[in-house]
Amino acid sequence: ISGLVISRVTDLSFQAAQIIFFISASGLLLIFLKKRNLFYHSLITLFLPLAILISGEYESSRTSTLKMLSNGSKRVVEGVVVSIKESENINRYTVEGEKIYDNGNIYNIKGRILLNIESMTQTVIPGDRIRFSGRLKTPRNFGNPGGFDYEIFLENRGIYGTVFLKSGQSLAVMGDEIGRASCRERV
């Protein structure tokens with residue numbers, strides 16, 4: 001249990017968890033070579049990093065699920081708005097994806113989605129939980145040799161999918177993380 005908690009709090013990379021696992025396994029081997037009867041120490045030494053590895057694989061699989069479902073099919077996505085960039089023609093919302101609804105299945109995901117909306121009529125702010133429907137696509141480059149690598153640019157920001165909407169009609173604000181509605185009521 002402690003390994004799962006540590007992996008959630010520290011957000012270790014998979015490689016770091018592997019290093020901790022191998023160091024702990026080496027320590028366990030030394031304990032057995034010295035023939036000490038440290039049963040509880042052995043359990044902690046082995047299972048703490050093992051839980052970190054398992055949790056890291058789970059998080060990695062959630063990101064892989066987002067990548068797998070970003071195939072251009074129409075999906076319903078739920079997540080929390082992280083940032084907004086507005087311009088004259090288009091509003092760009094970075095959404096921390098949480099769930100994808102697809103043909104009666106619900107997938108828990110991890111990773112960000114770049115939501116582009118051409119004309120937005122409702123107000124959305126960072127922290128809002130939203131649900132939207134659109135074609136979820138993998139970011140792609142435009143084939144310019146030696147040009148800007150858009151895919152890597154987005155991936156470095158944790159963005160693994162994009163959606164374009166003509167209007168905000170396919171978007172619903174479901175609430176927020178900090179109680180925006182209750183703040184408005186007080187004002």
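V173 is listed as a side-chain neighbour of V124, based on a closest heavy-atom distance under 4.5 Å. In this structure, the side chains of L115 and L165 come closer than 4.5 Å at one or more pairs of heavy atoms. Taking the side chain as every heavy atom from C-beta outward, V95 and I130 approach each other to under 4.5 Å. Counting heavy atoms from C-beta outward, V77 and I113 have side chains that approach closer than 4.5 Å. Y93 places none of its side-chain heavy atoms less than 4.5 Å from the side chain of N116. Using a 4.5 Å cut-off on side-chain heavy atoms (C-beta onward), I109 and K99 make no contact. F132 has its side chain out of reach of E78: every pair of non-hydrogen atoms, C-beta onward, lies at least 4.5 Å apart. Residues F164 and T162 form no side-chain contact, since every pair of their non-hydrogen atoms from C-beta on lies 4.5 Å or further apart.
Remark: the backbone N or O of I125 is paired with a side-chain donor or acceptor of D128 at under 3.5 angstrom.
When hydrophobic clusters are built by joining Ile, Leu, Val, Met, Phe, Trp and Tyr residues whose side-chain heavy atoms come closer than 4.5 Å, directly or via intermediates, V163 is grouped together with Y107. Under a hydrophobic-cluster definition in which Ile, Leu, Val, Met, Phe, Trp and Tyr are linked whenever side-chain heavy atoms come within less than 4.5 Å, directly or via other members, L154 and I100 are assigned to different clusters.
In this structure, I159 CD1 and E96 CD are separated by 10.0 Å, a value rounded to the nearest 0.5 Å.
Across every non-hydrogen atom of I84 and P126, the tightest pair is CD1-CD, 3.6 Å. What you find for L171 and Q122 is that their closest heavy atoms are O-NE2, 3.0 Å.
F148 and Y150 have tilted rings, their planes meeting at an angle from 30° to 60° on a 0 to 90° scale.
A salt bridge (Lys or Arg N to Asp or Glu O under 4.0 Å) check over residues 149-174, counting only residues at least two apart or in different chains, returns the pairs E118-K166.
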Worksheet item: Given L69 and R75, is the side-chain contact (heavy atoms from CB on, under 4.5 Å) satisfied, shown in steps?
Response: CA-CA 8 Å; L69 293 172; R75 310 266 192 236; 3.8 Å; yes
Worksheet entry | Test log, rule side-chain contact (heavy atoms from CB on, under 4.5 Å), inputs I90 and I117 | CA-CA 6 Å; I90 198 159; I117 303 177; 5.7 Å; no
Worksheet item: When you look at L114 and R112, which way does the side-chain contact (heavy atoms from CB on, under 4.5 Å) test go after all the steps?
Response: CA-CA 7 Å; L114 184 60; R112 293 181 173 180; over 6 Å; no
Fill in: Trace of the side-chain contact (heavy atoms from CB on, under 4.5 Å) decision for E98 with N108
CA-CA 6 Å; E98 294 176 348; N108 291 320; over 6 Å; no
For residues 133-140, dump all side-chain donor-acceptor pairs below 3.5 Å to protein atoms at least two apart in sequence or in another chain.
residue: R135; atom: NH1; partner: G72; partner atom: O; Å: 3.3
residue: T138; atom: OG1; partner: S70; partner atom: O; Å: 2.7

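Within a 6.0 Å radius of CD1 in I152, other residues, nucleotides and ligands contribute 12 heavy atoms or fewer.
Side-chain contact, N89 with S87: no donor N or O sits under 3.5 Å from an acceptor N or O. Between the side chains of T94 and S83, at least one donor-acceptor pair of N or O atoms lies under 3.5 Å.
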